[in-house]
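What follows is a short report on a single structure.
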Amino acid sequence: MDDKLLKELDRIGRTTGAKILKIYEGSFEVKKKADGSPITIADKLADEYITEELLKLEGNIPILTEEGKAWDFKQRSKWSEFWLVDPIDGTRSFTTGKGQFTVNIALIKDRRPVLGMVYAPLRDISYVGNAEKGMAWKSAGGDTVQISTRDRQSDLAVLASKNHRTPRDDSFLERLKMQFPTMELLSESSSLKFCAIAEGKADLYSRFEHTYEWDLGAAHAVLLAAGGEIFNTDGSLFRFNKQNLLNDAFLGVGDTNKEWVEFLVELANR
(Lines give C-alpha, C1' and ligand atoms only; values in the text may rest on other atoms or scores of the structure.)
Protein backbone atom coordinates (compact mmCIF):
# COMPACT_ATOMS: atom_id res chain seq x y z
CA MET A 1 0.00 0.00 0.00
CA ASP A 2 1.76 3.14 -1.22
CA ASP A 3 -1.03 5.66 -0.69
CA LYS A 4 0.33 8.11 1.91
CA LEU A 5 -3.03 9.53 2.97
CA LEU A 6 -4.51 6.06 3.41
CA LYS A 7 -1.52 5.11 5.55
CA GLU A 8 -2.27 8.11 7.74
CA LEU A 9 -5.93 7.10 8.02
CA ASP A 10 -4.84 3.57 8.93
CA ARG A 11 -2.55 4.98 11.62
CA ILE A 12 -5.32 7.16 13.02
CA GLY A 13 -7.76 4.26 13.03
CA ARG A 14 -5.36 1.90 14.78
CA THR A 15 -4.38 4.46 17.41
CA THR A 16 -8.05 5.23 18.01
CA GLY A 17 -8.70 1.51 18.37
CA ALA A 18 -5.99 1.18 21.02
CA LYS A 19 -7.53 4.05 23.00
CA ILE A 20 -10.97 2.45 22.73
CA LEU A 21 -9.71 -0.94 23.92
CA LYS A 22 -8.28 0.55 27.10
CA ILE A 23 -11.78 1.72 28.00
CA TYR A 24 -13.46 -1.44 26.73
CA GLU A 25 -11.30 -3.62 28.97
CA GLY A 26 -12.13 -1.53 32.05
CA SER A 27 -15.35 -0.11 33.48
CA PHE A 28 -17.37 2.71 31.98
CA GLU A 29 -20.76 4.36 32.23
CA VAL A 30 -23.34 3.95 29.47
CA LYS A 31 -25.59 6.92 28.76
CA LYS A 32 -28.34 7.47 26.21
CA LYS A 33 -28.53 10.07 23.50
CA ALA A 34 -31.71 11.87 22.52
CA ASP A 35 -32.63 9.13 20.04
CA GLY A 36 -32.22 6.44 22.70
CA SER A 37 -28.97 5.02 21.33
CA PRO A 38 -26.10 4.37 23.78
CA ILE A 39 -22.98 6.49 24.16
CA THR A 40 -19.89 6.10 26.35
CA ILE A 41 -16.76 8.07 27.13
CA ALA A 42 -15.01 5.92 24.51
CA ASP A 43 -17.21 7.40 21.75
CA LYS A 44 -16.39 10.91 22.85
CA LEU A 45 -12.65 10.38 23.28
CA ALA A 46 -12.39 8.55 19.96
CA ASP A 47 -14.30 11.34 18.24
CA GLU A 48 -12.06 14.03 19.72
CA TYR A 49 -8.85 12.21 18.79
CA ILE A 50 -9.91 11.49 15.20
CA THR A 51 -11.05 15.08 14.73
CA GLU A 52 -7.74 16.44 16.01
CA GLU A 53 -5.73 14.16 13.74
CA LEU A 54 -7.80 14.89 10.63
CA LEU A 55 -7.41 18.61 11.20
CA LYS A 56 -3.65 18.11 11.28
CA LEU A 57 -3.81 16.26 7.97
CA GLU A 58 -6.16 18.54 6.06
CA GLY A 59 -7.22 21.49 8.21
CA ASN A 60 -9.42 23.07 5.54
CA ILE A 61 -11.71 20.05 5.09
CA PRO A 62 -14.85 20.07 7.30
CA ILE A 63 -15.57 17.06 9.49
CA LEU A 64 -18.96 15.44 10.02
CA THR A 65 -18.99 12.90 12.85
CA GLU A 66 -21.70 11.00 14.67
CA GLU A 67 -20.71 12.51 18.01
CA GLY A 68 -19.57 15.94 16.83
CA LYS A 69 -21.12 19.21 15.72
CA ALA A 70 -24.58 19.00 14.15
CA TRP A 71 -23.96 20.98 10.97
CA ASP A 72 -26.89 22.80 9.41
CA PHE A 73 -27.70 21.63 5.88
CA LYS A 74 -27.32 25.19 4.57
CA GLN A 75 -23.66 24.89 5.54
CA ARG A 76 -23.21 21.27 4.50
CA SER A 77 -24.81 21.79 1.10
CA LYS A 78 -21.86 24.02 0.17
CA TRP A 79 -19.27 21.34 0.91
CA SER A 80 -17.51 19.86 -2.11
CA GLU A 81 -15.65 17.48 0.20
CA PHE A 82 -15.70 16.50 3.87
CA TRP A 83 -14.56 13.85 6.31
CA LEU A 84 -17.30 11.48 7.48
CA VAL A 85 -16.54 9.71 10.75
CA ASP A 86 -18.13 7.09 12.98
CA PRO A 87 -15.69 6.82 15.92
CA ILE A 88 -17.29 3.59 17.12
CA ASP A 89 -19.61 1.78 14.75
CA GLY A 90 -21.37 -0.75 16.96
CA THR A 91 -21.58 1.05 20.29
CA ARG A 92 -24.28 -1.38 21.46
CA SER A 93 -21.87 -4.24 20.90
CA PHE A 94 -19.19 -2.26 22.71
CA THR A 95 -21.40 -1.72 25.76
CA THR A 96 -22.51 -5.36 25.96
CA GLY A 97 -18.98 -6.74 25.73
CA LYS A 98 -19.52 -8.54 22.42
CA GLY A 99 -16.59 -6.73 20.83
CA GLN A 100 -18.11 -6.35 17.38
CA PHE A 101 -17.29 -2.73 16.70
CA THR A 102 -15.17 -0.75 14.25
CA VAL A 103 -13.59 2.67 13.73
CA ASN A 104 -14.76 4.29 10.47
CA ILE A 105 -13.22 7.24 8.60
CA ALA A 106 -14.13 8.33 5.06
CA LEU A 107 -13.41 11.21 2.74
CA ILE A 108 -16.41 12.24 0.65
CA LYS A 109 -16.06 14.29 -2.55
CA ASP A 110 -19.00 15.49 -4.60
CA ARG A 111 -21.29 13.30 -2.47
CA ARG A 112 -19.38 10.08 -3.22
CA PRO A 113 -16.72 8.28 -1.11
CA VAL A 114 -13.15 8.47 -2.38
CA LEU A 115 -11.10 7.24 0.61
CA GLY A 116 -12.07 4.99 3.48
CA MET A 117 -10.63 3.15 6.49
CA VAL A 118 -12.41 0.53 8.63
CA TYR A 119 -10.57 -0.87 11.65
CA ALA A 120 -11.75 -3.66 13.96
CA PRO A 121 -9.75 -3.22 17.20
CA LEU A 122 -10.35 -6.62 18.81
CA ARG A 123 -9.47 -8.45 15.60
CA ASP A 124 -6.64 -6.03 14.76
CA ILE A 125 -7.79 -6.00 11.14
CA SER A 126 -8.04 -2.93 8.96
CA TYR A 127 -9.48 -2.31 5.52
CA VAL A 128 -8.59 0.76 3.46
CA GLY A 129 -9.59 1.84 -0.01
CA ASN A 130 -8.93 4.53 -2.59
CA ALA A 131 -12.01 4.57 -4.82
CA GLU A 132 -10.47 7.03 -7.27
CA LYS A 133 -7.61 4.60 -7.94
CA GLY A 134 -9.82 1.51 -7.66
CA MET A 135 -7.53 -0.12 -5.10
CA ALA A 136 -8.32 -1.58 -1.68
CA TRP A 137 -6.25 -3.43 0.92
CA LYS A 138 -6.70 -5.58 4.01
CA SER A 139 -4.12 -5.61 6.81
CA ALA A 140 -4.09 -8.46 9.32
CA GLY A 141 -1.38 -10.23 11.29
CA GLY A 142 1.29 -7.91 9.99
CA ASP A 143 0.49 -8.65 6.34
CA THR A 144 -1.17 -6.27 3.87
CA VAL A 145 -2.81 -7.67 0.74
CA GLN A 146 -4.79 -6.07 -2.05
CA ILE A 147 -8.43 -7.16 -2.14
CA SER A 148 -11.19 -7.15 -4.73
CA THR A 149 -14.79 -8.25 -5.10
CA ARG A 150 -15.81 -11.40 -6.92
CA ASP A 151 -18.25 -12.00 -9.77
CA ARG A 152 -21.65 -13.14 -8.59
CA GLN A 153 -21.64 -16.80 -7.61
CA SER A 154 -24.41 -19.28 -8.41
CA ASP A 155 -24.15 -20.32 -4.76
CA LEU A 156 -24.81 -16.90 -3.29
CA ALA A 157 -23.26 -15.82 0.00
CA VAL A 158 -25.50 -13.15 1.51
CA LEU A 159 -24.87 -11.07 4.62
CA ALA A 160 -27.62 -10.16 7.06
CA SER A 161 -27.71 -7.97 10.13
CA LYS A 162 -27.62 -9.75 13.48
CA ASN A 163 -29.54 -7.14 15.45
CA HIS A 164 -31.49 -5.06 12.93
CA ARG A 165 -33.55 -7.49 10.85
CA THR A 166 -37.04 -6.33 9.90
CA PRO A 167 -39.95 -8.20 8.27
CA ARG A 168 -38.99 -6.51 5.00
CA ASP A 169 -35.42 -7.81 5.33
CA ASP A 170 -36.70 -11.32 5.97
CA SER A 171 -39.14 -11.14 3.07
CA PHE A 172 -36.41 -10.06 0.66
CA LEU A 173 -34.10 -12.85 1.83
CA GLU A 174 -36.88 -15.42 1.47
CA ARG A 175 -37.57 -14.32 -2.13
CA LEU A 176 -33.85 -14.47 -2.87
CA LYS A 177 -33.65 -17.96 -1.38
CA MET A 178 -36.41 -19.12 -3.73
CA GLN A 179 -34.28 -18.02 -6.68
CA PHE A 180 -31.04 -19.41 -5.22
CA PRO A 181 -31.89 -22.50 -3.11
CA THR A 182 -28.25 -23.11 -2.14
CA MET A 183 -27.84 -19.54 -0.89
CA GLU A 184 -25.66 -19.26 2.22
CA LEU A 185 -26.66 -16.70 4.84
CA LEU A 186 -23.64 -15.21 6.60
CA SER A 187 -23.46 -13.15 9.76
CA GLU A 188 -20.98 -10.31 10.28
CA SER A 189 -20.90 -7.19 12.38
CA SER A 190 -21.05 -3.47 11.66
CA SER A 191 -19.11 -2.19 8.64
CA LEU A 192 -17.33 -5.51 8.26
CA LYS A 193 -20.28 -6.77 6.19
CA PHE A 194 -19.24 -4.49 3.34
CA CYS A 195 -15.60 -5.44 3.86
CA ALA A 196 -16.48 -9.13 3.48
CA ILE A 197 -17.95 -8.32 0.07
CA ALA A 198 -14.93 -6.16 -0.76
CA GLU A 199 -12.54 -9.07 -0.19
CA GLY A 200 -14.66 -11.50 -2.21
CA LYS A 201 -16.09 -13.55 0.64
CA ALA A 202 -19.72 -12.61 -0.02
CA ASP A 203 -21.95 -11.29 -2.80
CA LEU A 204 -24.61 -9.13 -1.22
CA TYR A 205 -25.68 -7.18 1.85
CA SER A 206 -29.20 -5.77 1.92
CA ARG A 207 -30.57 -3.46 4.59
CA PHE A 208 -34.13 -2.20 4.88
CA GLU A 209 -33.91 -0.61 8.32
CA HIS A 210 -32.68 2.95 8.64
CA THR A 211 -28.99 3.73 9.09
CA TYR A 212 -27.06 6.99 9.11
CA GLU A 213 -24.54 8.23 6.57
CA TRP A 214 -21.59 7.76 8.96
CA ASP A 215 -22.54 4.07 9.22
CA LEU A 216 -21.79 3.62 5.51
CA GLY A 217 -19.12 6.14 4.45
CA ALA A 218 -15.86 4.30 5.18
CA ALA A 219 -17.09 0.84 4.24
CA HIS A 220 -18.65 2.18 1.04
CA ALA A 221 -15.28 3.65 0.06
CA VAL A 222 -13.55 0.29 0.65
CA LEU A 223 -16.26 -1.60 -1.27
CA LEU A 224 -16.15 0.86 -4.17
CA ALA A 225 -12.35 0.72 -4.31
CA ALA A 226 -12.52 -3.09 -4.45
CA GLY A 227 -14.96 -3.09 -7.36
CA GLY A 228 -18.35 -3.12 -5.64
CA GLU A 229 -21.08 -0.56 -5.08
CA ILE A 230 -24.04 0.45 -2.92
CA PHE A 231 -27.34 1.09 -4.67
CA ASN A 232 -30.58 2.56 -3.40
CA THR A 233 -33.57 0.28 -3.90
CA ASP A 234 -34.70 2.38 -6.88
CA GLY A 235 -31.48 1.41 -8.63
CA SER A 236 -29.72 4.76 -8.22
CA LEU A 237 -26.22 5.13 -6.80
CA PHE A 238 -25.98 5.84 -3.08
CA ARG A 239 -24.89 9.44 -2.42
CA PHE A 240 -23.87 11.29 0.74
CA ASN A 241 -24.53 14.69 2.30
CA LYS A 242 -28.29 14.47 1.94
CA GLN A 243 -30.46 16.99 3.74
CA ASN A 244 -31.60 14.17 6.00
CA LEU A 245 -28.60 12.10 7.11
CA LEU A 246 -30.88 9.13 7.74
CA ASN A 247 -30.57 6.56 4.95
CA ASP A 248 -33.27 4.61 3.22
CA ALA A 249 -32.96 0.95 2.22
CA PHE A 250 -29.93 -0.08 0.18
CA LEU A 251 -28.20 -2.98 -1.56
CA GLY A 252 -24.44 -3.48 -1.23
CA VAL A 253 -23.07 -5.68 -4.01
CA GLY A 254 -19.73 -7.00 -5.17
CA ASP A 255 -20.79 -7.65 -8.76
CA THR A 256 -22.16 -4.48 -10.39
CA ASN A 257 -23.39 -6.18 -13.56
CA LYS A 258 -26.43 -4.21 -14.75
CA GLU A 259 -28.75 -7.22 -15.13
CA TRP A 260 -27.85 -8.50 -11.65
CA VAL A 261 -28.46 -5.13 -10.03
CA GLU A 262 -31.77 -4.71 -11.88
CA PHE A 263 -32.83 -8.17 -10.68
CA LEU A 264 -32.07 -7.28 -7.07
CA VAL A 265 -33.86 -3.93 -7.33
CA GLU A 266 -36.95 -5.62 -8.75
CA LEU A 267 -36.84 -8.25 -6.01
CA ALA A 268 -36.47 -5.59 -3.32
CA ASN A 269 -39.58 -3.78 -4.51
CA ARG A 270 -41.99 -6.68 -4.74
Side-chain angles (χ1 to χ4, degrees), residues 1 3 5-17 20 43 46-47 49-51 53-54 57-58 61-68 79 81-91 93-94 100-140 144 147 149 159 161 188-199 205 207 211-230 237-242 245 247 250 252-254:
M1 183 175 65
D3 192 304
L5 189 52
L6 277 183
K7 285 183 177 180
E8 283 298 297
L9 294 187
D10 191 58
R11 175 189 63 79
I12 294 170
R14 289 176 177 277
T15 304
T16 303
I20 290 171
D43 296 89
D47 182 86
Y49 174 75
I50 293 171
T51 298
E53 292 299 304
L54 291 179
L57 283 181
E58 300 286 348
I61 298 179
I63 303 171
L64 177 62
T65 80
E66 179 178 8
E67 311 304 344
W79 295 352
E81 62 179 345
F82 65 99
W83 295 108
L84 182 60
V85 177
D86 191 350
I88 301 181
D89 180 26
T91 299
S93 177
F94 181 91
Q100 299 166 346
F101 52 87
T102 59
V103 179
N104 295 351
I105 306 172
L107 179 62
I108 310 296
K109 285 187 180 180
D110 298 322
R111 304 188 63 200
R112 295 279 288 166
V114 293
L115 296 177
M117 184 287 312
V118 175
Y119 178 60
L122 278 176
R123 301 184 190 183
D124 192 25
I125 295 175
S126 72
Y127 296 85
V128 297
N130 185 324
E132 292 181 320
K133 293 182 179 179
M135 301 180 75
W137 296 267
K138 174 185 179 181
S139 296
T144 298
I147 58 174
T149 59
L159 290 149
S161 176
E188 186 53 275
S189 58
S190 59
S191 301
L192 296 174
K193 297 182 185 69
F194 295 103
C195 296
I197 300 174
E199 62 178 312
Y205 170 43
R207 179 72 178 261
T211 55
Y212 287 92
E213 289 194 4
W214 43 73
D215 295 317
L216 270 63
H220 189 179
V222 173
L223 178 60
L224 193 59
E229 183 58 276
I230 298 179
L237 294 177
F238 187 93
R239 298 187 185 277
F240 293 83
N241 206 18
K242 304 182 297 295
L245 295 172
N247 304 318
F250 62 79
V253 297

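- For the pair Gly217 and Pro113, the tightest heavy-atom approach, listed with the atom from each and the gap, is O-CB, 3.9 Å.
- Checking side-chain atoms of Asn247 against main-chain N and O of Tyr212 turns up a donor-acceptor pair under 3.5 Å.
- Atom CD1 of residue Ile197 and atom CG of residue Leu223 lie 6.0 Å apart, to the nearest 0.5 angstrom.
- For the side chain to side chain donor-acceptor pair (under 3.5 Å) test, no residue two or more places apart in sequence or in another chain qualifies with Asp110.
- A salt bridge links Glu229 with Arg112: the distance from a Lys NZ or Arg NE/NH1/NH2 to an Asp or Glu carboxylate oxygen falls below 4.0 Å.
- When all heavy atoms of Leu159 and Ala196 are compared, the pair lying nearest together is CD1-CB, 4.0 Å.
- Of the possible polar contacts, one joining the Glu213 side chain to the Asn241 backbone as a donor-acceptor pair under 3.5 Å is found.
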### Task
Quick one: do Leu54 and Ile61 satisfy side chain to side chain contact (heavy atoms under 4.5 Å, CB included)? Show the steps, please.
CA-CA 9 Å; Leu54 291 179; Ile61 298 179; over 6 Å; no
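- Heavy-atom minimum distance, Ala218 versus Ala106: N-CB, 3.4 Å.
- Note that CD of Glu132 and NZ of Lys109 are 5.0 Å apart. Values are rounded to the nearest 0.5 Å.
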### Message
As a quick check of understanding, evaluate side chain to side chain contact (heavy atoms under 4.5 Å, CB included) for Arg14 and Asp124, giving each step before the final call.
### Response
CA-CA 8 Å; Arg14 289 176 177 277; Asp124 192 25; 2.8 Å; yes
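- The side-chain contact (heavy atoms from CB on, under 4.5 Å) test with Phe101 singles out one residue from Asp86, Ile20, Asp89, and that residue is Ile20.
- Between the CD1 atom in Ile125 and the NZ atom in Lys138 there is a gap of 5.0 Å [rounded to 0.5 Å].
- Considering every non-hydrogen atom in both Thr16 and Tyr49, the closest pair reads OG1-CD2, 3.3 Å.
- Of all heavy-atom pairs spanning Ser191 and Val118, the tightest one is CB-CG1, 4.0 Å.
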### Message
Between Thr65 and Ile50, is the side chain to side chain contact (heavy atoms under 4.5 Å, CB included) condition met? List the steps.
### Response
CA-CA 9 Å; Thr65 80; Ile50 293 171; over 6 Å; no
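- Note that CZ of Phe250 is 14.5 Å distant from CG of Leu237, once rounded to the nearest 0.5 Å.
- Under the 4.0 Å criterion applied to side-chain N and carboxylate O atoms, Glu188 and Arg123 are assigned as salt-bridge partners.
- Classified by interplanar angle (parallel below 30°, tilted 30° to 60°, perpendicular above 60°), the ring pair His220/Phe238 is perpendicular.
- Between the CD1 atom of Ile108 and the CG atom of Leu84 there is a distance of 5.0 Å, given to the nearest 0.5 Å.
- Ser126 pairs in a side chain to side chain donor-acceptor pair (under 3.5 Å) with only one of the listed residues (Thr102, Thr144, Asp10), which is Asp10.
- No side-chain donor from either of Tyr119 and Asn104 sits under 3.5 Å from a side-chain acceptor of the other.
- To the nearest 0.5 Å, the span separating SG on Cys195 from OH on Tyr205 amounts to 12.0 Å.
- The side-chain heavy atoms of Ile12 and Leu57, taken from C-beta on, include a pair separated by under 4.5 Å.
- Two residues are said to be in side-chain contact when any heavy atoms from C-beta on lie closer than 4.5 Å; Ile230 and Phe194 meet this criterion.
- Evaluation of the side chain to side chain donor-acceptor pair (under 3.5 Å) rule for Arg11 yields Glu8, Glu53 as partners, not counting sequence neighbours.
- Nearest heavy-atom pair, Leu224 versus Ala131, reported as atom, atom and distance to 0.1 Å: CD2-CB, 3.7 Å.
- When each of Thr51, Leu9, Leu64 is checked for a side-chain contact (heavy atoms from CB on, under 4.5 Å) with Trp83, only Leu9 meets the rule.
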